[in-house]
Amino acid sequence: PDGSLNAPISSLFYTDPTSSQNFLVVVNSNYRLAYENAWISTISLGDETTTPSINKNSFFPTKNFSSQIAFDSKRNYLYVTNREEDALLILTPSLNTDTNLLSINEVDIDLETEGIQSSVILTNSKNPFGVSILNNAEVSDRAYVTNISSSDLAVLSLDTFKLIDVDPD
């Protein structure tokens with residue numbers, strides 16, 4: 001891939017907290033398998049006097065069949081659902097101050113029994129697609145993931161990165 005848009009499936013606005021620069025982060029699904037993998041593109045939005053431009057030198061390769069993206073402002077994490085691995089990818093944006101390009105990187109989290117990971121496998125979930133983030137919840141911050149094939153909801157604690165059983169019976 002050359003960083004351009006190929007089967008873009010979702011996007012979000014991101015403002016770098018240190019520079020206040022604005023970007024559009026775009027998930028390219030690669031559902032047609034035109035390339036070896038999918039990727040996340042970043043587009044510098046500039047200001048009202050500049051034209052938005054795709055940062056072709058700053059894209060993040062990711063798994064095919066990635067879907068929706070959500071931003072966790074408390075942790076500065078991006079969460080991307082991935083249907084190929086039935087997982088929620090955990091990423092973080094960072095601005096290269098020399099080039100003013102936004103890069104996307106994996107986040108390594110300690111999942112205790114699973115070890116250090118950059119994604120959470122959504123056990124018993126098939127084809128996760130939608131994702132929404134709830135910060136400042138009374139019990140814990142959470143990610144809510146809707147799953148196409150299993151027609152259910154996975155709830156993940158963002159404090160522990162463990163799945164919360166929503167149907168304990």
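As the structure is a prediction and not an experimental result, all values here were calculated from the model.
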Check: Can you tell which of I104, N76, T42, N22 makes a side chain to side chain contact (heavy atoms under 4.5 Å, CB included) with Y14?
Finding: N76
Note to self: Nearest 0.5 angstrom please: L158 CG to N135 CG, how far?
What the structure shows: 7.0 Å
Next item on the list: Identify the residue among V25, V131, I90, I40 that makes a side chain to side chain contact (heavy atoms under 4.5 Å, CB included) with V80.
Entry: I40
Margin query: If you compare all heavy atoms of I9 against all heavy atoms of R83, which two are closest, and at what distance to 0.1 Å?
Written below: CD1-NH2, 4.2 Å
Next item on the list: Please report the closest heavy-atom contact between P128 and D86, naming both atoms and the distance.
Entry: CD-OD1, 3.4 Å
Note to self: Quick one about N147 and N127 (side-chain donor to acceptor, distance below 3.5 Å, no hydrogens or angles considered), yes or no?
What the structure shows: no
Margin query: Is there a path of hydrophobic side-chain contacts, each under 4.5 Å between heavy atoms, that joins V107 and Y79?
Written below: yes
Next item on the list: Indicate yes or no for a side-chain donor-acceptor contact from T81 to the backbone of Q68 under 3.5 Å, with no hydrogens or angles considered.
Entry: yes
Item checked: Donor-acceptor pair between N105 and S94 side chains, under 3.5 angstrom -> yes
Note to self: Hydrophobic cluster membership, with links at side-chain heavy-atom distances under 4.5 Å among I/L/V/M/F/W/Y: are L95 and L12 in one?
What the structure shows: yes
Note to self: Whether D141 and R75 form a salt bridge (side-chain N of Lys/Arg under 4.0 Å from carboxylate O of Asp/Glu) is what I want to check.
What the structure shows: yes
Next item on the list: Return the minimal non-hydrogen interatomic distance between F71 and L78, and the atom names on each side.
Entry: CD1-CD2, 3.6 Å
Check: Counting only N and O atoms by type, is there a donor-acceptor contact under 3.5 Å from the side chain of S10 to the main-chain atoms of S67?
Finding: yes
Next item on the list: State, to 0.1 Å, how close L163 and A154 come at their nearest heavy-atom pair, and which atoms those are.
Entry: CD2-CB, 4.3 Å
Next item on the list: To the nearest 0.5 Å, tell me how far I148 CD1 sits from D152 CG.
Entry: 11.5 Å
Note to self: Checking side-chain polar atoms at under 3.5 Å, does S29 have a donor or acceptor matched by the opposite partner on N64?
What the structure shows: no
Check: Hey, what do you get for CG (L88) to CZ (F161), rounding to the nearest 0.5 Å?
Finding: 9.0 Å
Check: Hey, are the side chains of I69 and S11 touching, using non-hydrogen atoms and a 4.5 Å cut-off?
Finding: no
Check: Under 4.0 Å between a Lys/Arg side-chain N and an Asp/Glu carboxylate O for E84 and K63?
Finding: no
